[in-house]
Amino acid sequence: METAAAVVLLLTSAEDLDCTPGFQQKLFHINQPAEFIEDQSILNLTFSDCMGNDKLRYEVSSPYFKVNSDGSLVALRNITAVGRTLFVHARTPHAEDMAELVIVGGKDVQSSLQDIFKFARTSPVPRQKRSIVVSPILIPENQRQPFPRDVGKVVDSDRPERSKFRLTGKGVDQEPKGIFRINENTGSVSVTRTLDRELIAIYQLFVETTDANGKTLEGPVPLEVIVIDQNDNRPIFREGPYIGHVMEGSPTGTTVMRMTAFDADDPATDNALLRYNIRQQTPDKPSPNMFYIDPEKGDIVTVVSPALLDRETLENPKYELIIEAQDMAGLDVGLTGTATATIMIDDKNDHSPKFTKKEFQATVEEGAVGVIVNLTVEDKDDPTTGAWRAAYTIINGNPGQSFEIHTNPQTNEGMLSVVKPLDYEISAFHTLLIKVENEDPLVPDVSYGPSSTATVHITVLDVNEGPVFYPDPMMVTRQENISVGSVLLTVNATDPDSLQHQTIRYSVYKDPAGWLNINPINGTVDTTAVLDRESPFVHNSVYTALFLAIDSGNPPATGTGTLLITLEDVNDNAPFIYPTVAEVCDDAKNLSVVILGASDKDLHPNTDPFKFEIHKQTAPDKVWKISKINNTHALVSLLQNLNKANYNLPIMVTDSGKPPMTNITDLRVQVCSCRNSKVDCNTAGALHFSLPSLLLLSLFSLACKLA
């Protein structure tokens, strides 16, 4: 094998000849076209044996090309991919040589060993002057010791004395370094370790000759080392888990899924040619051969009749297949790998749901809502699919939409509910007709039958219902301050239990201000106190009270009614002023004292515009003046400066009601000494200041500073 793997082309020399036998150009580069066209010239090769080229023959490493007698290289048919390198061998009885054609952009397509080995020739040939002759070196992977071992030889029989061979490239002086080396004197190429084709399939090396100083004399010339594949990789399934689905009742031959294994060996050899088979099927019922796998493609198909693929009759709708992939085209010497394929027999809706009973009974108290009965059904289909899930519909007996039905997702039962309270006095019995279907449509040869409908009889139980006020809420409008004992209205409540002939009594339930009374027999509501619109119990002029109506049932039932009293305003609140305290400096140039505002709890027109006056100002005291600013404010000012002291000024304010209301309030004015930016009011008497007073004091202090 080592001798066969090292294909070396030996050339002899015809010395003292001016003609150099062989190809005039030994290396060509061709751009990979979209397609090589049949009989279309690709390039021209020139070969001479220096003796007339008698019986010249060409051989090409690819069977898809040939060289015509004129040296033109052509394709024998249209072809797209030919690999990365072509070799052309020319031979006459007197000489032979080899040219290399590098396909730029070509894909890796390995030639067979026969194509490569056919260039090995042993006949003597004239040598070329200073020509490095190399041929591809083939090395089987996984070789054992000893290493290093010779695998080929480079010949340059015309090289000068003391010249040396040098080998470079990946695997020599580039990573992975040190795999190959060359005897610098003899040109013998050796490998130093075991090779792995799955890591590197081809090594591209370069050979050159150098002088004693390392200067290149000739080359570099490409040297290709091809690693020959061995079957050292098992097939593996690397895309799992493998889960397939097939519908129950599918025809024989239905494709379920495809299993594809990977083999890292050379895909151009039987080492990676896989064949598939089913090693085991679990369970093995109803047939041990439910499925078949295409040995070449890996497609799994059904091989049993549709009747045997009935999910409802199978022990288990899940099958597990042990799939084996074997290389070497399935021969016994091939390596194997296995994987598990899980196949699910999917359900189709070939069974309609059926009620477990034709009639269901339910009772419900009047006025109650919620679920009153669960309707049960049976369905043989897969509970995890829409072929099993039920959908219920009320098709008769529900004109008032008082009932609804929904599916319980856990049990598939129909939950019938009352959503609008029922009235025993209107109807004590209800009858509903309900149908059930699946979420998914049935298969064409199956339909819904009589068992897919059911009747529900509902009995309504009488309950003592509380009386009902009408209207509710009740609304009246009255003026505030009406006399105590005034009748506001007579409430009206009726008992829904018309068949029981019960009596009704009334009582006050909520009366926040304690203003009202109700006659327990006839429901007349009157006042027990004066109604005050300004009361804190009145909101937006509306007073709210609640009353009870109680029937004579056992136990009695109660109804609640709401009374809304809108109170009209009466001018019953005098206005008031603010603030009631003010300060001023005794030497102030600005004699304005304070701006007064007025407010009234009543509503317009019983409020502003307000009238401001100084009440009973005697002639000696006429040092004060009040001036209107707007409808709600007035300015109090001095006519002259006063000595430091406290003064009480009666202010009278009157609203615009009919009749109007007046209020007199003392405005306490404190005259203070303001000197050197300091305000001194101590000698004027102590005052208790409110927050507005303090603010005004600050303003007056600022005025004093400016003065």
Side-chain angles (χ1 to χ4, degrees), residues 311-312 347-443 446-468 494-502 551 553-560:
R311 196 198 66 83
E312 287 74 35
D347 186 39
K348 64 181 179 181
N349 198 5
D350 54 353
H351 295 85
S352 62
K354 298 178 180 180
F355 283 103
T356 57
K357 297 188 294 185
K358 286 299 297 179
E359 295 185 348
F360 294 84
Q361 306 292 330
T363 57
V364 59
E365 292 183 346
E366 64 173 332
V369 295
V371 177
I372 58 174
V373 65
N374 291 312
L375 310 183
T376 54
V377 296
E378 293 177 345
D379 195 317
K380 295 181 180 180
D381 291 313
D382 185 355
T384 64
T385 67
W388 177 82
R389 290 190 291 270
Y392 297 88
T393 307
I394 302 173
I395 59 177
N396 196 13
N398 191 28
Q401 305 301 309
S402 298
F403 302 93
E404 287 184 358
I405 188 166
H406 300 280
T407 304
N408 185 318
Q410 281 74 41
T411 65
N412 215 30
E413 295 176 345
M415 301 183 296
L416 181 63
S417 303
V418 175
V419 294
K420 293 182 180 178
L422 304 177
D423 192 337
Y424 172 84
E425 285 70 31
I426 295 177
S427 178
F429 300 96
H430 297 267
T431 300
L432 305 180
L433 185 61
I434 297 177
K435 72 174 181 179
V436 62
E437 297 177 335
N438 289 131
E439 290 183 1
D440 292 348
L442 295 173
V443 296
V446 178
S447 60
Y448 294 103
S451 298
S452 295
T453 59
T455 302
V456 182
H457 300 286
I458 302 165
T459 301
V460 182
L461 303 178
D462 189 23
V463 174
N464 186 24
E465 301 171 86
V468 178
T494 59
D495 191 343
D497 300 308
S498 57
L499 301 179
Q500 299 184 23
H501 307 291
Q502 299 180 130
D551 66 18
N554 186 21
T558 302
T560 304

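Atoms considered below: every heavy atom in the structure, side chains included; atoms not considered: hydrogens, waters and symmetry mates.
Judged by distance alone, with hydrogens and angles left aside, the side-chain atoms of Asp551 form a donor-acceptor pair with the main-chain N or O of Ala557 at under 3.5 Å. Side chain of Gln502 to main chain of Gly553: a donor-acceptor pair is present (N/O by atom type, distance under 3.5 Å, no hydrogens or angles). Of the possible donor and acceptor atoms, one in the side chain of Asn412 sits under 3.5 Å from a partner among the backbone N and O of Trp388. Within the 3.5 Å criterion, the main-chain N or O of His501 finds no donor-acceptor partner in the side chain of Asp497. Between the side chain of Thr385 and the main chain of Ala387, a donor-acceptor pair closer than 3.5 Å is present.
The shortest non-hydrogen separation linking Glu312 to Asp381 is OE2-OD1, 3.3 Å. Scanning both residues, Ala362 and Val373, for their nearest heavy atoms gives CB-CB, 3.9 Å. Counting all heavy atoms, side chain and backbone alike, Pro496 lies closest to Glu425 at O-CG, 3.4 Å. The nearest pair of heavy atoms linking Glu366 to Leu422 is CB-O, 3.1 Å. Looking at every heavy atom in both residues, Ala390 comes nearest to Val377 through CB-CG2, 4.5 Å. Shortest non-hydrogen contact noted between Val419 and Gln401 is CG2-O, 3.5 Å.
Here Glu439 pairs with Arg389 under the salt bridge (Lys or Arg N to Asp or Glu O under 4.0 Å) rule; sequence neighbours left out. For the side-chain hydrogen bond (donor to acceptor under 3.5 Å, both in side chains) test, no residue two or more places apart in sequence or in another chain qualifies with Asp423. Under the side-chain hydrogen bond (donor to acceptor under 3.5 Å, both in side chains) criterion, Gln361 pairs with no residue at all, not counting sequence neighbours. Legend: residues meeting salt bridge (Lys or Arg N to Asp or Glu O under 4.0 Å) with Lys435, ordered by chain and number and at least two apart, are Glu437. Under the side-chain hydrogen bond (donor to acceptor under 3.5 Å, both in side chains) criterion, Glu404 pairs with His406, sequence neighbours left out. For Pro421, the side chain to side chain contact (heavy atoms under 4.5 Å, CB included) partners two or more places apart in sequence, or in a different chain, are Val369. In this structure Glu413 satisfies the salt bridge (Lys or Arg N to Asp or Glu O under 4.0 Å) test with no other residue, sequence neighbours excluded. The side chain to side chain contact (heavy atoms under 4.5 Å, CB included) test applied to Val443 returns Lys348, Asp350, Asp445, Val446, not counting sequence neighbours. Contacts of Asp347 classified as salt bridge (Lys or Arg N to Asp or Glu O under 4.0 Å), with partners at least two apart in sequence or in another chain: Arg311. Remark: Asn438 pairs with Asn349, Asp379 by the side-chain hydrogen bond (donor to acceptor under 3.5 Å, both in side chains) rule, at least two apart or across chains. Every residue two or more places apart in sequence or in another chain that forms a side chain to side chain contact (heavy atoms under 4.5 Å, CB included) with Ser452 is listed here: Ser352, Val436, Tyr448.
Between Asn464 atom CG and Asn554 atom CG the span is 8.5 Å, to the nearest 0.5 Å. Between the CD atom of Glu378 and the OG atom of Ser451 there is a distance of 9.5 Å, given to the nearest 0.5 Å. Going from atom CG of Leu375 over to atom OG1 of Thr455 covers 10.5 Å, rounded to the nearest 0.5 Å. Between Leu433 atom CG and Ile394 atom CD1 the span is 10.0 Å, to the nearest 0.5 Å. Taken to the nearest 0.5 Å, the OG1 atom of Thr376 stands 14.5 Å off from the NZ atom of Lys354.
Between Ile426 and Val460 the shortest side-chain heavy-atom distance does not fall below 4.5 Å. Counting heavy atoms from C-beta outward, Val364 and Ile458 have side chains that approach closer than 4.5 Å. Counting heavy atoms from C-beta outward, Ile434 and Leu416 have side chains that approach closer than 4.5 Å. Contact annotation: the side chain of Thr459 never approaches that of His457 to less than 4.5 Å [non-hydrogen atoms, C-beta and beyond].
The aromatic rings of Phe355 and Phe360 stand perpendicular to each other, their planes meeting at an angle above 60°, with 30° marking the opposite boundary.
Judged as a ring-ring contact (aromatic ring centres under 6.0 Å, His included), the pairs with a partner in residues 410-436 (not counting sequence neighbours) are, in order, Phe403-His430.
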